[in-house]
Structures are given as C-alpha cells and as structure tokens.
Amino acid sequence: MTFGAAITDAEGLRLSDEEKSLFREMNPFGFILFARNIDTADQVRALCDDFREAVGRNCPITIDQEGGRVQRLRSPIAREWMPPLDHTTRSGEKAESAMYLRYRLIAQELFELGIDSNCAPMVDLAREDTHPFLQNRCYGSDPDQVSRIGRAVAKGHLDGGVLPVIKHMPGHGLSTMDSHHDLPHVDLPLDELNRDDFAPFRALNDLPMGMTAHLVYDQIDPQPATISSVMIQLIRDRIGFDGLIMTDDISMKALSGAPEDIARQALDAGCDVVLHCNGSFDARARVLEAAGDMTDRAQSRAEKALSMRQKPAELDIPAAEAELSALMGGQVYER
C-alpha cells in the first residue's frame with residue numbers, strides 16, 4: 001500500500017463522516033493532534049482509532065508534546081512540564097539523564113493514548129536573540145551538549161514506543177522572527193552554520209523522521225528551506241539525514257501562497273511528506289489531492305521509520321519520577 005504524501009489533522013474530538021470518507025480515499029501517511037482534538041483520555045483513544053480505521057492501517061499519529069508552552073496534552077490527562085531550556089538549566093550536568101526520564105514519561109503517556117509519534121527532540125541552538133517563540137523550547141547553546149541531550153530525548157521516545165521527529169532541520173535557532181507569522185532570514189556563511197547549527201542534526205542523522213525549518217539561509221539559497229531543493233539536498237548530503245523528511249506546518253505565514261501549491265513545492269524540492277494543519281475541510285482536501293502518493297524513495301523511508309516503532313520497555317513510573325525529582329532538586333513539573 002502506497003501512502004499519501006501528507007500528514008493532516010481533524011476538526012474536532014471525533015472524525016465526521018465527511019472526514020472519514022476523505023481520509024479513506026486519500027490515505028494520508030499519518031495525522032497530528034491539537035488541543036481542540038483533546039478532551040478525555042478515552043476520547044483521544046477513540047479519535048486515534050477513528051484515524052486508523054479510516055485508512056485501514058496502523059498509521060502514525062503525532063503531536064507536539066515538548067513541555068512548557070508547547071504541550072497539547074495537559075492535566076488531568078498528562079503531566080505539565082516546565083519549558084525544556086528551564087529543565088536543562090536546572091538539571092545542569094545531569095541534563096541528559098533528566099531529559100531522558102522526562103521524555104520517557106511523556107512517551108508512556110502518549111503511547112497509552114494511542115499516539116505513537118512526537119515532534120521532538122528540538123535541537124535548534126538557543127542564542128540571546130533567538131525569538132521568544134523558540135528560545136526556551138531549546139536545550140542549550142552548545143552544539144555538543146545539545147546533541148547529547150537530543151540523543152537522550154530520542155532514546156526516551158523510542159524506549160517508550162514513540163517515534164521521535166527531530167526539528168527544525170537544518171537549524172532554526174538563529175531566527176529572530178516567529179515563522180508562524182513571518183519569514184525569518186539568516187545571513188551567515190555555510191562554514192559557520194555547518195560548525196554550529198547543523199552539528200546537532202548531523203549527530204542525530206540516524207533518527208527516523210525530521211521536520212524542516214521555514215527559514216531562509218541567505219548565503220546558500222533565497223528560498224525557504226522547506227521549499228528549497230538546495231537546502232533539502234544539503235540536509236541529505238552535508239547533514240547526512242536519510243530518514244523521512246516532513247515539512248513544518250505549510251499553513252504557517254512564513255510561506256506564501258495557497259497550501260496546495262506550497263505542498264507541491266515542498267515535495268518537488270525533495271521533502272517526503274507535507275504537514276498541513278488548521279485548515280478548513282476543503283483546504284485539507286486540496287492539499288491531500290495536491291500531495292498525491294509518496295514517491296518510491298519516500299515510501300521506503302516511511303516504511304523504515306515505521307519499522308522503528310517498538311513495544312515499550314517496562315517502566316517503573318514511581319521510580320522514574322523519584323529519580324527525575326532527585327536529578328532536578330525536587331522541582332520537576334510546571335508550577
């Protein structure tokens with residue numbers, strides 16, 4: 001079965017008959033959840049079942065559950081976490097162990113709800129002038145440290161049966177704008193970018209899935225990375241990432257044009273699958289139609305990524321929470 005080259009979402013808490021029919025026909029690779037799709041644990045499980053029944057397979061269902069500002073699941077369904085940068089700062093030299101446990105517990109929560117993918121680790125480098133929309137979502141500013149923490153985060157997911165999605169390739173930390181609203185530009189030479197911002201992605205280039213950055217690297221190519229064949233090839237060659245490349249949400253204002261046109265531009269540039277969120281039913285239908293089926297190479301990458309889903313390892317939750325609390329000096333969750 002060839003997958004559709006898109007990941008999309010649903011309007012509400014359960015699929016409408018119209019949505020079921022669309023997804024059955026177009027067979028998107030997977031789906032993503034937002035806060036509007038979440039009420040109770042049983043409801044989330046039922047919605048995940050709806051998605052999988054519509055496409056007739058165990059498709060991946062992802063979410064943005066970083067902690068801090070970006071956590072779609074909240075109490076009482078899930079723990080509420082402090083921002084990642086606060087977490088790594090507080091845990092200091094123990095950050096790798098602390099972040100592993102944090103995301104192992106997150107993965108446990110996701111898997112129990114039927115969610116088997118998460119848009120993390122985010123290994124963009126934090127800087128003093130990184131835009132606030134991104135800065136405290138980062139793990140630090142040192143490429144080696146961020147690489148090690150990113151590896152721990154990825155392992156926490158995989159041990160919990162959840163596929164990690166590394167983001168935002170090839171590095172969003174230099175952005176001083178919010179790509180939800182504007183198109184950021186970075187004006188640094190390739191050798192400097194390669195040394196710093198690209199380094200964590202290169203260190204984690206064996207992960208199953210990655211997400212692009214809606215950002216222009218002016219000294220490399222005038223197009224945003226998501227729709228730039230030059231930048232996608234750089235991700236493949238210089239960073240060495242051969243996993244499944246998905247776009248960031250193509251409805252973000254950093255990209256201009258109709259979503260269905262952006263979808264084709266991204267796929268033509270070399271992305272494997274487009275992520276389209278928060279559109280109307282008609283907009284989703286147009287994007288799914290424009291995206292069409294995956295290429296043979298994309299299908300191969302998708303199947304390889306899905307093969308990395310595994311049964312979660314046993315987890316003693318009270319022991320994990322106690323260990324994490326000790327590493328964090330007692331403050332673990334958001335206050």
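These figures come from a predicted structure and were not determined experimentally.
Shortest non-hydrogen contact noted between V287 and A263 is CG1-CB, 4.3 Å. The two atoms that bring A152 and E96 nearest to each other are CB-O, 3.4 Å, heavy atoms only. Minimum heavy-atom separation, A291 to R264: O-NH1, 3.3 Å. Closest approach of L15 to A54, counting heavy atoms only: CD1-CB, 4.4 Å.
The hydrophobic cluster containing I239 does not contain L244, counting ILVMFWY residues as joined when their side-chain heavy atoms lie under 4.5 angstrom apart, directly or transitively. Hydrophobic clustering, with ILVMFWY side chains joined whenever heavy atoms are under 4.5 angstrom apart, keeps I106 apart from I32. Linking ILVMFWY side-chain heavy atoms closer than 4.5 Å, directly or via other members, places L47 and L110 in a single hydrophobic cluster.
Proximity of a side-chain donor or acceptor of R45 to a complementary backbone N or O of G114 within less than 3.5 Å is not detected. Looking at T226, its side chain does come within 3.5 Å of a backbone N or O of A213 through a donor-acceptor pair. Between the side chain of R36 and the backbone N or O of E11, at least one donor-acceptor pair lies under 3.5 Å. Remark: the backbone N or O of C59 is paired with a side-chain donor or acceptor of R52 at under 3.5 angstrom. Proximity of a side-chain donor or acceptor of S300 to a complementary backbone N or O of D296 within less than 3.5 Å is not detected. Side-chain N or O atoms of Q43 include one that pairs as donor or acceptor with a backbone N or O of D39 at under 3.5 Å. A donor-acceptor distance shorter than 3.5 angstrom exists from the side chain of R151 to the backbone of A203, with no hydrogens or angles considered. A donor-acceptor distance shorter than 3.5 angstrom exists from the side chain of E80 to the backbone of S75, with no hydrogens or angles considered. Counting only distance, with no hydrogens or angles, the side chain of T89 and the backbone of D86 share no donor-acceptor pair below 3.5 Å. Counting only distance, with no hydrogens or angles, the side chain of S251 and the backbone of H276 share no donor-acceptor pair below 3.5 Å.
Between the side chains of H214 and D248, no donor N or O sits under 3.5 Å from an acceptor N or O. Defined by atom type and a distance below 3.5 Å, a donor-acceptor pair is present between the side-chain atoms of Q233 and D237. Side-chain contact, R102 with H87: a donor N or O sits under 3.5 Å from an acceptor N or O. Between the side chains of D282 and S280, not a single donor N or O lies within less than 3.5 Å of an accepting N or O. A side-chain donor-acceptor contact under 3.5 Å links D221 and S228.
Note: I235 CD1 to T212 OG1 = 7.0 Å, rounded to the nearest 0.5 Å. Residue L193 holds its CG atom at 9.5 Å from CZ of R195, rounded to the nearest 0.5 Å. Note that CG of L315 is 4.5 Å distant from CZ of R104, once rounded to the nearest 0.5 Å. Separating the CG atom in L73 from the CG atom in L33 is a distance of 7.5 Å, to the nearest 0.5 Å. Taken from CG in L255 to CD1 in I250, the straight-line distance is 8.0 Å, to the nearest 0.5 Å. Separation of atoms CD (E260) and CD (E289) is listed at 10.5 Å; rounding is to 0.5 Å.
Between L163 and L306, some side-chain heavy-atom pair lies under the 4.5 Å cut-off. Between L105 and R79, some side-chain heavy-atom pair lies under the 4.5 Å cut-off. Counting only heavy atoms from C-beta outward, the side chains of V153 and V123 never approach each other to under 4.5 Å. A 4.5 Å side-chain heavy-atom check between F201 and F241 finds every atom pair outside the cut-off. Using a 4.5 Å cut-off on side-chain heavy atoms (C-beta onward), E19 and R284 make contact. Here the side chains of P200 and L125 are in contact, with some heavy-atom distance below 4.5 Å. Counting heavy atoms from C-beta on, the side chains of K304 and P208 never come closer than 4.5 Å. Side-chain contact between Y217 and L174: absent, with no pair of heavy atoms (C-beta onward) separated by less than 4.5 Å.
Surrounding NZ of K20 are more than 12 heavy atoms belonging to other residues, nucleotides or ligands, all under 6.0 Å away. Shown here is Q145, whose CD atom has more than 12 heavy atoms of other residues, nucleotides or ligands within 6.0 Å.
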Please determine whether side chain to side chain donor-acceptor pair (under 3.5 Å) holds for the pair R72 and N37, giving the CA-CA distance in whole Å, both sets of side-chain angles, and the decisive distance to 0.1 Å. CA-CA 9 Å; R72 311 303 185 200; N37 306 125; over 6 Å; no

Is there a salt bridge (charged side-chain N to carboxylate O under 4.0 Å, His left out) between D197 and R127? Walk through the geometry before answering. CA-CA 11 Å; D197 290 76; R127 292 174 171 81; 2.7 Å; yes

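Relative ring orientation between H180 and F133 is described as perpendicular, the plane-to-plane angle rising above 60° on a 0-90° scale split at 30° and 60°.
A side chain to side chain contact (heavy atoms under 4.5 Å, CB included) with M246 is found for exactly one of K167, M209, M169, namely M209. Under the ring pair (Phe, Tyr, Trp, His ring centres under 6.0 Å) rule, H157 has a single partner from F111, Y103, Y100, which is Y103.
Clustering of Ile, Leu, Val, Met, Phe, Trp and Tyr by side-chain heavy atoms under 4.5 Å joins V70 with none of the others.
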